[in-house]
Amino acid sequence: MEFNANIPEGPLDQKWTKHKTKIKLVNPANRRKYHVIIVGSGLAGGAAAASLAEMGYNVSCFCYQDSPRRAHSIAAQGGINASKNYQNDGDSTFRLFYDTVKGGDFRSREANVYRLAEVSGNIIDQCVAQGVPFAREYGGLLANRSFGGAQVSRTFYARGQTGQQLLLGAYQQLSRQIGLGQVKMYNRHEMLDVVLVDGHAKGIITRNLVDGKIERFAGDCVILATGGYGNAFFLSTNAQGCNVTAAFRAYRRGAGFANPCYTQIHPTCIPVHGDQQSKLTLMSESLRNDGRVWAPKDRETAKKIREGKMHPGDVPEDERDYYLERKYPSFGNLAPRDISSRAAKEACDDGRGIASTGLGVFLDFRDAIQRFGKDTIAERYGNLFDMYNRITGDDPYTTPMMIYPAVHYTMGGLWVDYNLESNLPGLFVAGEANFSDHGANRLGASALMQGLADGYFVLPYTVGNYLGTQGLAAAGKVTTDAPEFEQAESDVRAKIDKLLSIQGTESPRSFHKRLGDITWSKCGMARDKAGLEQAIVEIQALKKEFWENVKVVGDANEINQELERAGRVADFMDFGELMCRDALMREESCGGHFRVEHQYTEEDEIVQSGYLSPGEAKRHDDEFGFVGIWKFEGEDQVPSLHKEMLEYEEVKFATRSYK
Amino acid sequence: MKLHLKIWRQKNANNPGGFEGYDLDDVSEDSSFLEMLDILNEQLVDKGQSPVAFDHDCREGICGMCSMMINGHAHGPEKATTACQLHMRHFKDGDTITIEPWRAKAFPVQKDLIVDRTAFDGIIQAGGFITARTGSAQDANLTPIGKEVADKAMDAAACIGCGACVAACPNGSAMLFSGAKVTHLNSLPQGKAERDRRVLSVVHAMDDAGFGNCTNYGECQEACPKEIKLDVIAKMNRDYALASVRSFFSKAG
Ligand SMILES: Cc1cc2nc3c(=O)[nH]c(=O)nc-3n(C[C@H](O)[C@H](O)[C@H](O)COP(=O)(O)OP(=O)(O)OC[C@H]3O[C@@H](n4cnc5c(N)ncnc54)[C@H](O)[C@@H]3O)c2cc1C
Ligand code: SF4
Ligand code: FES
């Protein structure tokens, strides 16, 4: 079968250990003969590049920014999970595993998630050894905080800059290897195609973003660690350059794309200010440790606040609806993201939203400041408060923050097996770019964990297994004069020439924005059949218009940010259609994928019994307990759907309740 | 609001550049500085002209990619704020704003406002790390590190590698950037073993890359969006002096 997950035999808690003892190794003296191509220098790519280079492989690493240190992992604020149980609050590998499977609404692969939990502790050890300055207690031990979807304190953090510090840790290890000549780093290079030789991934085509040169690189395998596709919605918390291009090019070459409709809408972002906006800014989930989320109970009060006729601080206690605490008493403000986001939308749809647009709710620190004092709160969240203040001009110490959900993370991605290898042999996918560990919803502080697990502790084994299986005779065999490189390069050139030749009237940014309007309104927080069908038609029309009327100024052989954007937007449009198709296919609600036709109502016994509130997502495990994998079938053809059935040995499908 | 912009335009590294003037209308106070440039660029594209090239990515003040002199200040006049986090409410209707690239010998201009900052990477490659092979680490809580030490390391580690310190320095010195990395790693017990090697390599790499000397202007500290303090330079100088002495005697001995 093409999409065989290759899960090792044996009990869940022994699979990884056994697998490691069985897989093929490459002799240290022979490793330098293999060339590993890694696209991406974020947590996943940076960690993999450093680790494989340390082992002796000859590595080339690529990123589109001017330095590997700027990958978007840098922006992660809140923290990274690990089941160290340093707080003695009952954490364990199993509990982290279970929370992640449950948080993912039972749509992830058990064996991968267990391994993730298993290596989580090693990540913290590794990062501390590198000098990552995690927060500490006065006694000198590591501090922890709580994140959504868990009842233990297992999140390690470095102020509000955890991603930055973890990435700098990986970047420094990578830099050391660059200095030693073990890694060749290609900054400002954008990968535009992957090259297959005899069905195996053996190289890439890139564009040098400084001089426009199209280059070929051949290797013994290719690792994609190119991050998520949140910018398919135009506005998201992703960096401006985040793209689906690398993953989508691989998809077009035959790699399966799994669960593209699973996107995470983060509940705590700064609301949209107007139509000149270019991105949305996240306010870390960690704020929900001390901030209380509420909306006015009364529509009139909300209206007054919107119109600036009332200060939110003047709303009396009994007129505030702390809706998360009300609906989910045992998790309260730390309910998982999908659930919190939908609850915010509900309040706003009910006419109780605040912010000038009516699309906002409060995150209030008044009580925490009273309880712990301003200094303690400043110590915990000072830099986040400052950031909020810079963007909005409001002071969160005295006026509650306004927040609204925004696209933040993409659980879908290229399909990979247990070894993180796609269905194309030799093509590995790591970090946010793969679909692997988070099912239909990711818990906070788990993406950093996954990226580093993939890069430090999984790929160094599984890549060696692939190379070892290919044998020494195959090392360095494929060179860039193979006809497949010729073909891929000419495809890339043709696309660039096409984009530059249209010379229409509308900018790539404008098309991007229009795409975002479609995807956000019809494939965002709530989806339904009619809307998705319409979205597909609209995207197809937009695509047609794009290829007739896009205007890309400048030349191909210089720094040309318009050309870069045009190429990314073109892929986002094709991809957006795929995303809607997947959402349409999945006739159920699960995690971040909410189909309004599929929710619990007062009619359901489980609601009557008080276990669930009406409006919660309704899964259909019998029909949809699978990973939906799409395969490209040709330009303008409907892609084919393949299924990896999810089999749970250790946990049982259950309806999530955070009540 | 209405603005008049004077922006440095330069086709590429080999061409000389110059200022061009642009008028811009209807900019919202809530827009960020880079969103204001987006609006300008959309208008330029509309007219078939080449948009202003500038570096940016995260737009939330952490990746260190955005880099421009705004009215003579690196990242603009607001304290502790990157260009992407600067908002138009800090400007007035009718203002003239001058925008230029970083200017330093070690950061050559590549196009318009984009410069080449790979010299910073070179400094880190030379010594800005702790050698910690993957898989070889001890348990994270085995060596307690006092909160004060950890906090001090974190203060220095907050550097985003933007290069504003270099751009603001009349000598084009990279002492604040390098000092921040040396302070971060040399303050921690994990960094002790390589302390001397680190500071010596970092300082040499800095000199080799064409960064200027530090003559205590202090402009770097003023410009730094992450409020890295001059203390890090003092610490690096101290560590450098000690390391030089130790290395002299170990060679002599
Ligand atoms: C604002 C924000 C806050 C977050 N906070 C948290 C948190 O607190 N905890 C948590 O666990 N997770 C958090 N996340 C999620 C987490 O940060 C990301 O999922 C994770 O860092 C992704 O890492 P990565 O290595 O997969 O990709 P990235 O770090 O995005 O790296 C992608 C790399 O690929 C390169 N690349 C991409 N496309 C191409 C191309 N076509 N050619 C060449 N190179 C390319 C880029 O240059 C970059 O080097 C947050 C995310 C955001 C956006
Ligand atoms: S020290 Fe400050 S100004 Fe210099 S690179 Fe770091 S953050 Fe930028
Ligand atoms: S764009 Fe990332 S710091 Fe400004």
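Worth knowing before you read on, the calculation uses all heavy atoms, side chains too, and leaves out hydrogens, waters and symmetry mates. Protein chains get the first letters and strands the later ones, always in sequence-line order, with residue 1 at the start of each.
Under a cutoff of 6.0 Å and an axis angle of 45°, B:K181 and B:F177 do not form a cation-pi pair.
Residues A:G56 and A:Q182 come closest through the heavy atom pair O-NE2, 3.3 Å.
Proximity to chain B (any heavy atom under 4.5 Å) is shown, for A:Q130, by both the backbone and the side chain. Contacts between B:A158 and chain A at a heavy-atom distance below 4.5 Å involve backbone atoms as well as side-chain atoms. If you measure heavy-atom distances from B:D46 to chain A, the contacts under 4.5 Å come from both the backbone and the side chain. For A:E558, the part lying near chain B is the side chain, with the backbone staying farther off; criterion is any non-hydrogen pair under 4.5 Å. Using a 4.5 Å cut-off between heavy atoms, A:T392 touches chain B through its backbone atoms (N, CA, C, O) alone. For a residue to count as touching a neighbouring chain, one of its non-hydrogen atoms must lie under 4.5 Å from one of that chain's; by this rule A:Q165 touches chain B with the side chain only. Heavy-atom distances place no part of A:E564 under 4.5 Å from chain B, backbone and side chain included. With a 4.5 Å cut-off on non-hydrogen atoms, A:F134 touches chain B through its backbone but not through its side chain. Heavy atoms of A:N122 lying under 4.5 Å from chain B are absent altogether. Only the side chain of B:I39 has a heavy atom closer than 4.5 Å to any heavy atom of chain A. With a threshold of 4.5 angstrom between heavy atoms, A:E506 does not approach chain B through any atom at all. For A:Q276, the parts lying under 4.5 angstrom from a heavy atom of chain B are both the backbone and the side chain. Using a 4.5 Å cut-off between heavy atoms, A:I559 touches chain B through backbone and side chain atoms alike. Proximity to chain A involves both the backbone and the side chain of B:D155, based on heavy atoms less than 4.5 angstrom apart. Within the 4.5 angstrom heavy-atom criterion, no atom of B:N12 approaches chain A. Of the two parts of A:E562, only the side chain, counted from C-beta on, holds a non-hydrogen atom closer than 4.5 Å to a non-hydrogen atom of chain B. At a 4.5 Å heavy-atom cutoff, the contact between B:L188 and chain A is made by side-chain atoms alone. If you measure heavy-atom distances from B:S28 to chain A, the contacts under 4.5 Å come from both the backbone and the side chain. When heavy atoms are compared at a cutoff of 4.5 Å, B:N41 does not approach chain A at all.
Most heavy-atom pairs under 4.5 Å with chain A, from the set B:G48, B:S50, B:G191: that is B:G48. Note on B:R59, B:M36, B:H184: by heavy-atom pairs under 4.5 Å with chain A, the leading option is B:R59. Of the listed residues (A:S507, A:P133, A:P460, A:A82), the one with the most heavy-atom contacts under 4.5 Å to chain B is A:P133. Counting heavy-atom pairs under 4.5 Å between each of B:L44, B:T81, B:V149 and chain A puts B:T81 at the top. Of the residues considered (A:M387, A:R509, A:Q503, A:M55), A:R509 shows the highest number of contacts with chain B, using heavy-atom pairs under 4.5 Å. Between chain A and the options B:Q49, B:M65, B:Q110, B:K111, heavy-atom pairs under 4.5 Å are most frequent for B:M65. Taking B:I114, B:I130, B:L142, B:L34 one by one and counting their heavy-atom pairs under 4.5 Å with chain A, the maximum is reached by B:I130. With chain A as the partner, the residue from B:A126, B:G128, B:G146, B:A153 showing the most heavy-atom pairs under 4.5 Å is B:G128.
Salt bridge status for B:E78 with A:R390: absent, with no side-chain N to carboxylate O gap under 4.0 Å. Salt-bridge annotation for B:D55 and A:R188: present, with a side-chain N of the basic residue lying under 4.0 Å from a carboxylate O of the acidic one. Look at A:D125 and A:K84 and you find a salt bridge, because one of the NZ, NE, NH1 or NH2 atoms lies within 4.0 Å of a carboxylate O, short of that distance. With salt bridges taken as basic N to acidic carboxylate O contacts below 4.0 Å, none links B:K2 and B:D93. The pair B:D239-B:K235 meets the salt-bridge criterion, with a side-chain N (NZ, NE, NH1 or NH2) lying under 4.0 Å from an Asp/Glu carboxylate O.
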(message) Please determine whether side-chain hydrogen bond (donor to acceptor under 3.5 Å, both in side chains) holds for the pair B:Q138 and B:T143, giving the CA-CA distance in whole Å, both sets of side-chain angles, and the decisive distance to 0.1 Å.
(response) CA-CA 9 Å; B:Q138 59 173 25; B:T143 309; 2.8 Å; yes
(request) For the pair A:Q77 and B:E60, evaluate side-chain contact (heavy atoms from CB on, under 4.5 Å) and give the outcome as yes or no after the intermediate values. (result) CA-CA 11 Å; A:Q77 302 169 349; B:E60 46 187 88; 3.7 Å; yes
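A ring-centre distance under 6.0 Å is not found for A:F511 and A:F234.
Here the straight-line distance linking atom CD1 of B:I70 with atom NE2 of B:H75 works out to 8.5 Å at 0.5 Å rounding. The line from CZ of B:R117 to CG of A:D66 is 4.5 Å long, rounded to the nearest 0.5 Å.
Each of A:V132, A:L452, A:I80 was evaluated against A:I124; a single residue qualifies, A:I80, per the side-chain contact (heavy atoms from CB on, under 4.5 Å) test.
A distance-only check finds no donor-acceptor pair linking the side chain of B:S31 to the backbone of B:E29 [under 3.5 Å]. Judged purely by atom type and a 3.5 angstrom limit, A:D555 has no side-chain atom pairing as donor or acceptor with the backbone of A:N557.
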